[in-house]
K.L.:
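Got a structure here, written out as structure tokens. Questions coming.
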Amino acid sequence: MIDVVKVAKAVRKIMNLSEDDTFDIMPTVSVACAQLTDRLKKAENSKDPRVINAAVYLSYYRLLLRNAAQDDTPTSFKAGDVTISQSPALALEKASVLRDESIIAAAPLLEDMDFVFRQV
């Protein structure tokens, strides 16, 4: 099994979270680690930095996605001629690129279980 605590620490560091937030992120991190563990070709690959990195960025993406869905803060406000807006879309886009790149890097250690059907 991928070291869930190690992955959670890395995710906390990326997201600038305190140690108190570990309890909140653990379910998401645990699921990501379990899913990647199920795809490992060999059990000893769970300690490979590429696999751990893939688990970190998969967890990071899912946490950003969860936070974006639950966030009810205003996304923009206007004060005179100045408008300030923020969108979780940019952070999610960057996180998805990091997730995809880290999974591609770990691909030699993972089984490919995707099914693609194309028209004949």
K.L.:
In Å, rounded to the nearest 0.5 Å, how long is the span from CZ of R12 to CD1 of I25?
P.N.:
6.5 Å

K.L.:
Any chance you could measure L110, atom CG, to T37, atom OG1, to the nearest 0.5 Å?
P.N.:
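These two atoms lie 9.5 Å from each other.
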
K.L.:
Give a yes or no on whether K41 atom NZ has more than 12 heavy-atom contacts from other residues, nucleotides or ligands under 6.0 Å away.
P.N.:
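Yes, because the 6.0 Å sphere around NZ of K41 holds more than 12 heavy atoms from other groups.
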
K.L.:
So, taking the atom named OG1 in T22 and the one named CG in L17, what distance separates them when rounded to the nearest 0.5 Å?
P.N.:
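It is 8.0 Å, given to the nearest 0.5 Å.
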
K.L.:
Please test R66 against T28 for side-chain contact (heavy atoms from CB on, under 4.5 Å), starting from the C-alpha separation and ending with a verdict.
P.N.:
CA-CA 9 Å; R66 181 191 74 179; T28 304; 3.8 Å; yes

K.L.:
Between D21 (side chain) and S18 (backbone), is there a donor-acceptor pair under 3.5 Å?
P.N.:
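Yes, because the side chain of D21 sits within donor-acceptor range (under 3.5 Å) of the backbone of S18.
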
K.L.:
Any side-chain heavy atom of M15 sitting closer than 4.5 Å to one from N67?
P.N.:
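Result yes, sub-4.5 Å side-chain heavy-atom pair found.
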
K.L.:
So, taking the atom named CG in L36 and the one named CD1 in I103, what distance separates them when rounded to the nearest 0.5 Å?
P.N.:
6.0 Å

K.L.:
When clusters are formed by joining ILVMFWY residues with side-chain heavy atoms under 4.5 Å apart, either directly or through shared neighbours, do M1 and V56 land in the same one?
P.N.:
yes

K.L.:
Quick one: are Y61 and L92 in side-chain contact, heavy atoms under 4.5 Å?
P.N.:
yes

K.L.:
Checking R62 against V31 for the side-chain contact (heavy atoms from CB on, under 4.5 Å) test, could you report, in this order, the C-alpha distance in whole Å, the side-chain angles of both residues, the deciding distance, and whether it holds?
P.N.:
CA-CA 10 Å; R62 289 181 178 172; V31 168; 3.9 Å; yes

K.L.:
Say you draw a straight line from CG of L40 to CD1 of I2; how long is it, rounded to the nearest 0.5 Å?
P.N.:
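Going from CG on L40 over to CD1 on I2, the span is 5.5 Å.
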
K.L.:
Please check if the number of heavy atoms outside E44 that lie under 6.0 Å from its CD is greater than 12.
P.N.:
yes

K.L.:
Search all heavy atoms of V51 against all heavy atoms of N45 and return the closest pair with its distance.
P.N.:
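Minimum heavy-atom separation between V51 and N45: CG2-O, 3.5 Å.
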
K.L.:
Taking side chain as C-beta onward, heavy atoms only, is S59 less than 4.5 Å from V7?
P.N.:
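Sidechains of V7 and S59: in contact.
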
K.L.:
Would you compute the distance between atom CG of L64 and atom CD1 of I14 and round it to the nearest 0.5 angstrom?
P.N.:
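Rounded to the nearest 0.5 Å, the CG-CD1 separation comes to 9.5 Å.
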
K.L.:
Establish, yes or no, whether the cationic atom of R99 lies under 6.0 Å from the six-membered ring centre of Y57 and within 45° of the ring axis.
P.N.:
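Judged by the rule, R99 and Y57 form no cation-pi pair.
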
K.L.:
Test side-chain contact (heavy atoms from CB on, under 4.5 Å) on S102 and R50; report intermediate values, then the result.
P.N.:
CA-CA 7 Å; S102 65; R50 294 172 289 179; over 6 Å; no

